[in-house]
Amino acid sequence: MYLGKLVEVAPAGELYQRPAHPYTQALLASVPVPDPRVKQLEEGGLKGELPSPTADIRGCRFCSRCPHVMPQCQQQEPPMQEIAPRHFAACWLFKA
Ligand code: SF4
C-alpha cells in the first residue's frame with residue numbers, strides 16, 4: 001500500500017519471491033540484513049519526495065519516487081491488474 005492505495009496483492013510467498021511493483025521492490029530491499037558486512041540500502045535506494053497524502057495527485061501516486069517513471073505514469077493512474085495467477089499490481093510497467 002502506498003499513500004492509501006493498494007499497489008500490489010499476491011500470496012505472501014509469491015510477493016516475497018517475485019515482487020513486481022517498484023514500491024514493493026523498494027520496501028523489500030530496505031529490510032535490514034542482520035550482517036554488519038552487508039551494506040544496507042536506505043529505503044531500497046528510493047529518491048524523491050513523498051507527496052502529501054492530502055494533495056490531489058494525478059497519475060500514479062508513486063511517480064515522484066519511481067526509478068521507472070514514464071510520461072503515462074504522470075497522466076493516468078494505473079489500474080490494478082492481474083500480472084500472474086493471483087498476483088495483481090497497479091503499475092504501467094505491466095500494461096495488458
Ligand atoms: S505506474 Fe509508473 S511511476 Fe507508477 S510504479 Fe509503475 S512505473 Fe513507477
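In this text, all values refer to a predicted model and were calculated from it rather than measured experimentally. Order of listing sets the numbers, starting from 1, for every ligand and every atom in it. Excluded from the calculations below are hydrogen atoms, water molecules and symmetry mates; all remaining heavy atoms, backbone and side chain alike, are included.
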For R58 and E77: C-alpha separation, side-chain torsions, deciding distance, then whether salt bridge (charged side-chain N to carboxylate O under 4.0 Å, His left out) applies.
CA-CA 7 Å; R58 189 169 170 214; E77 185 172 6; over 6 Å; no
Heavy-atom donor-acceptor pair, Q25 side chain to P19 backbone, under 3.5 Å:
yes
Using only atom types and a distance under 3.5 Å, with no angle test, would you say the side chain of W92 pairs donor to acceptor with the backbone of V69?
no
So the atoms of ligand 1 within less than 4.0 Å of a heavy atom of H21 turn out to be 5 (S)
Min side-chain heavy-atom separation L28-Y16 under 4.5 Å
yes
Near atom 2 (Fe) of ligand 1, meaning under 2.8 Å, the protein N/O/S atoms are C73 SG
Just by modelled atom types, is the F88 backbone N or O under 3.5 Å from a matching donor or acceptor in the Q81 side chain?
no
Distance-only polar pair, side chains of T24 and E8, donor-acceptor under 3.5 Å
yes
